[in-house]
**Q** 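Questions regarding the structure given below will be posed in turn.
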Amino acid sequence: MADTLSIQGADATYPMIVRPGALVDDLPRFVAGHGFTRVVVVTNITLAPLYGEGLVGRLPGGHLIVLPDGEEYKTLATVETIYTRLLEEDADRSTLVVALGGGVIGDMAGFAAATFMRGVALVQAPTSLLAMVDSSIGGKVGVDLPQGKNLVGAFKDPLAVFADTSVLATLPDVELRCGLAEMLKHALIGDPPLLDHLLARGIEPAEAIIRRAAAVKVGIVAEDRLERGPRAFLNLGHTFGHAIEKVSSYQWKHGQAVAVGLVAAARLSAHHGLCSPELPEQIERVIESSKLPTRCPGLDPVQLWNAMQHDKKRQDGTLRFVLLEGIGRPAIAKDVTRDEVIDILKELTIV
Ligand SMILES: NC(=O)c1ccc[n+]([C@@H]2O[C@H](COP(=O)([O-])OP(=O)(O)OC[C@H]3O[C@@H](n4cnc5c(N)ncnc54)[C@H](O)[C@@H]3O)[C@@H](O)[C@H]2O)c1
Ligand SMILES: [Zn+2]
C-alpha cells in the first residue's frame, strides 16, 4: 500500500502505516485481525485524554496505563511501575502492549514490553513528529540512568508501527520543530531533494513528507539493524547535540540541540576539508528558515568538549564524528582534533 513502509526487523519485516486515522481504523483492525484479546495501551497524562481513552475503547480487552509526562520519567523506576500495572491488569505472555506517545513513551513502554515476562508483543503508535520519523523506527528501546541518557536498553521489534498524522494537530509548535530538526538530518544524510522540499514547503503534505523522512531511517536500519556501520550516520549532529543537552542540564530540547549540532557538524566538515565552505552556509540557512536555533550562546566550549568525551558512540577511546562530504553524502571521521572542535564551538557559543 502507498501509505505503508516496510521495516526490516531481526526475524521479519513489519509494516509502518503513516496515515490520518491510523489510530481509529488501522490499529483496531490490526489488533482484532491478530486475535489479541488483552491489550494494554501505555501512554502519558497529556495523551491519555486526547487519544488514549478513545483508543482503549476501540480495542478488545483494552486497558490504559497512564504515566507522568517528561524525559525525567524515562527511568527504570517508571518501567517498574509499568510492570506492576501490567500485573494488576492480569497481563500475561499473550498480552499486547501498545506504546502511544512520543519517543519517551515509545522507548520506555517498548523496553517494558521487551522485558516483561521475557518479552510480550508490542505495537508502536508514535504521536510526536520526532517519534514518527525517528524513534519508533528501528527497534531501539530503553531508559536513562542518572549518569546519562539511554544507557540501559534493548532491541525490540514491534509487530507494526501506526503513525496517525492527524494527532499532530495538538502537538506543541516547539515539539513540531524538534521533529523537523530530525527530518532535516535525514534529508542531509540520505535524501537531498527532501531538503529542498522542507525549505520550500515545510512538512506539508504531512503524510507524504513524514513517510519520506521515515524512509531514510528505514533504509539505513535495513542495512545495519544492530548499528555496526551506516546506522551511525543517523547520529549526524548528535555528538554536538548531546553535549549541548548535557551542559545545559537538559534546558535545551533534543531537537533544538540537534539543530545546532547540524550547524556544528557542517562547519567541522568544511574545516576538516571534507566539503566546500558553502555547505555550512547553506545548512545554516535551512535551519534558520525552519525557525530552529543555529547557535548556543553562553555555553562553555571546553565544558561541551568534555561532555562529548562521554558520548556513548565513542569507540576505543576516540570520538567518531559524522560529517558531510556534501548533501546526501555522510562520512565518519576519526581524526578530528580537540583544537578543531573547540574552534567550531567558540564560533557557535559567542554571546
Ligand atoms: N529509540 C530510538 O531510536 C530513539 C531515537 C530518537 C529519539 N529517541 C528518544 O525519544 C525521546 C524524545 O522523543 P519526543 O521528542 O517525542 O519527546 P516526548 O516523548 O517527550 O514528547 C514531547 C512532548 O510532546 C507531547 N506530545 C507527544 N505527542 C503529542 C500530541 N500528538 N499532541 C500533544 N502533545 C503531544 C508529549 O506528551 C511530550 O510532552 C528521547 O527520550 C530520545 O532519547 C529514541
Ligand atoms: Zn535525535
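Just follow the structure's listing: the first ligand is 1, and inside any ligand the first atom is 1.
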**Q** Which atoms from ligand 1 have a heavy atom of Lys217 less than 4.0 Å away?
**A** 3 (O)

**Q** Looking at Glu182, pick out the N, O or S atom nearest to the Zn ion (ligand 2) and give its name.
**A** OE2

**Q** Going by the order shown, which atoms of ligand 1 are within less than 4.0 Å of some heavy atom of Asn150?
**A** 43 (O)

**Q** So, do Leu324 and Arg329 sit near enough that their side-chain heavy atoms are less than 4.5 Å apart?
**A**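 No; the side chains remain at least 4.5 Å from each other.
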
**Q** Tell me whether Arg211 is salt-bridged to Glu207, with the criterion being a basic N under 4.0 Å from an acidic carboxylate O.
**A**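 Salt bridge between Arg211 and Glu207, a charged N being under 4.0 Å from a carboxylate O: no.
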
**Q** State if Glu72 counts as touching ligand 1 under the rule of any non-hydrogen atom under 4.0 Å.
**A**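 Checking ligand 1 against Glu72, which is what was asked, there is no heavy-atom contact under 4.0 Å.
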
**Q** Given NE2 of His254 on one side and NE2 of His238 on the other, what angle do they make at the Zn ion (ligand 2), to 10°?
**A**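 About 100°, to the nearest ten degrees.
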
**Q** Return the closest protein heavy atom for atom 9 (C) of ligand 1 as residue, atom name and distance.
**A**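 Answer for atom 9 (C) of ligand 1: Asp107 OD2, 3.4 Å.
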
**Q** In terms of residue, atom name and distance, what is the protein heavy atom nearest to atom 27 (C) of ligand 1?
**A** Thr127 OG1, 3.5 Å

**Q** Any carboxylate oxygen within less than 4.0 angstrom of a Lys/Arg side-chain nitrogen, looking at Arg85 and Glu88?
**A**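 Salt bridge between Arg85 and Glu88, a charged N being under 4.0 Å from a carboxylate O: yes.
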
**Q** Report yes if some heavy atom in the side chain of Thr349 is under 4.5 Å from a heavy atom in the side chain of Pro297; otherwise report no.
**A**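 The answer is no; the side chains never approach within 4.5 Å.
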
**Q** Ile105 versus ligand 1: do any nitrogen or oxygen atoms come within less than 3.5 Å of each other?
**A**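 Min N/O separation from ligand 1 is not below 3.5 Å for Ile105.
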
**Q** For the pair His34 and Phe36, name the ring-plane relationship: parallel under 30°, tilted 30 to 60°, perpendicular over 60°.
**A**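 Plane angle under 30°, so parallel.
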
**Q** Identify which one of Glu245, Glu175, Glu71 satisfies the salt bridge (Lys or Arg N to Asp or Glu O under 4.0 Å) criterion when paired with Lys253.
**A**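 Among the candidates, only Glu175 passes.
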
**Q** Should Val40 and Val98 count as side-chain neighbours, where that means a heavy-atom distance under 4.5 Å?
**A** no

**Q** Does ligand 1 have a heavy atom under 4.0 Å from the side chain of Asp144, from its backbone, from both, or from neither?
**A**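 It is neither; nothing of Asp144 touches ligand 1.
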
**Q** Just distances here: any N/O of Ser128 and N/O of ligand 1 closer than 3.5 Å?
**A** yes

**Q** Give me the nearest non-hydrogen protein atom to atom 35 (C) of ligand 1 as residue plus atom name, then the distance to 0.1 Å.
**A**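 For atom 35 (C) of ligand 1, the nearest protein heavy atom comes out as Leu171 CD1, 3.6 Å.
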
**Q** Kindly confirm or rule out an N or O of Lys140 lying under 3.5 angstrom from an N or O of ligand 1.
**A**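 In this structure, Lys140 places an N or O atom under 3.5 Å from an N or O of ligand 1.
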
**Q** So which bit of Lys74 gets within less than 4.0 Å of ligand 1, heavy atoms only: side chain, backbone, both or neither?
**A**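 Contact part for Lys74 vs ligand 1: side chain (C-beta onward).
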
**Q** Give me the ring orientation class for Phe30 and Phe162: parallel if the planes are under 30° apart, tilted from 30 to 60°, perpendicular past 60°.
**A**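 Rings of Phe30 and Phe162: perpendicular, over 60°.
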
**Q** Identify the protein heavy atom lying closest to atom 17 (O) of ligand 1, giving its residue, its atom name and the separation to 0.1 Å.
**A** Gly103 N, 4.1 Å

**Q** Nearest protein heavy atom to atom 4 (C) of ligand 1, by residue and atom, and its distance?
**A**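 Going by distance alone, atom 4 (C) of ligand 1 is nearest to Ser135 CB, 3.2 Å.
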
**Q** Going by the side chain to side chain contact (heavy atoms under 4.5 Å, CB included) test, name the single residue among Lys74, Lys156, Lys149 that passes it with Asp107.
**A**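 Only one of Lys74, Lys156, Lys149 forms a side chain to side chain contact (heavy atoms under 4.5 Å, CB included) with Asp107, namely Lys74.
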
**Q** Would you call Met132 and Leu168 a side-chain contact if the rule is heavy atoms closer than 4.5 Å?
**A** yes

**Q** Does atom CD (Glu80) have a neighbourhood of more than 12 heavy atoms from anything else shown, all under 6.0 Å?
**A**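 Open: at most 12 neighbouring heavy atoms sit under 6.0 Å from CD of Glu80.
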
**Q** Determine whether the side chain, the backbone, both or neither of Leu130 has a heavy atom under 4.0 Å from any heavy atom of ligand 1.
**A** side chain

**Q** Show the atoms of ligand 1 that are less than 4.0 angstrom away from any heavy atom in Glu71.
**A**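 Contacts of ligand 1 toward Glu71, numbered from 1: 40 (C), 41 (O).
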
**Q** Looking only at heavy atoms, is any part of Pro172 under 4.0 Å from ligand 1, and if so is it the side chain, the backbone, or both, or is it neither?
**A**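 For Pro172, only side-chain atoms sit under 4.0 Å from ligand 1.
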
**Q** Between Arg231, Lys253, Glu175, flag the one that comes closest to atom 24 (O) of ligand 1 by a heavy atom.
**A** Glu175

**Q** Would you call Glu182 and Lys185 a salt bridge, taking side-chain N to carboxylate O under 4.0 Å as the test?
**A**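 Here Glu182 pairs with Lys185 in a salt bridge, since their nearest N and O are under 4.0 Å apart.
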
**Q** Looking only at protein heavy atoms, which one is nearest to atom 21 (O) of ligand 1, and how far off is it?
**A** Gly102 CA, 4.2 Å

**Q** With heavy atoms under 4.0 Å as the rule, classify the contact between His242 and ligand 1 as side chain, backbone, both or neither.
**A** neither

**Q** Any Lys/Arg nitrogen of Arg267 or Glu347 sitting under 4.0 Å from an Asp/Glu carboxylate oxygen of the other?
**A**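 Yes.
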
**Q** Quick one: look up the protein heavy atom nearest atom 39 (O) of ligand 1 and list residue, atom name and how far away it is.
**A** Asp69 OD2, 2.8 Å

**Q** Do any N/O atoms on Ala131 end up under 3.5 angstrom from N/O atoms on ligand 1?
**A**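 N/O-N/O distance below 3.5 Å does not exist for this pair.
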
**Q** For Leu47, which part has a heavy atom under 4.0 Å from ligand 1: side chain, backbone, both, or neither?
**A**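 For Leu47, the contact with ligand 1 is made by the side chain alone.
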
**Q** Check each heavy atom of Lys149 against ligand 1 and say whether those closer than 4.0 Å belong to the side chain, the backbone, both or neither.
**A** side chain

**Q** Could you tell me whether Thr170 approaches ligand 1 through its side chain, its backbone, both or neither, with non-hydrogen atoms closer than 4.0 Å?
**A**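 The answer is both, backbone and side chain.
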
**Q** If only atom types and distance count, is the side chain of Gln303 paired as donor or acceptor with the main-chain N or O of Leu299 below 3.5 Å?
**A** no

**Q** Which residue supplies the protein heavy atom nearest to atom 20 (O) of ligand 1, what is that atom called, and how far is it?
**A**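 Looking only at protein heavy atoms, the one closest to atom 20 (O) of ligand 1 is Val104 CG2, 3.4 Å.
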
**Q** May I ask you to check whether over 12 heavy atoms, not counting those of Asp11, lie within 6.0 Å of atom CG?
**A**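 Counting other residues, nucleotides and ligands, CG of Asp11 stays at 12 neighbours or fewer.
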
**Q** Distance from Leu198 atom CG to Asp191 atom CG, nearest 0.5 Å?
**A** 8.5 Å

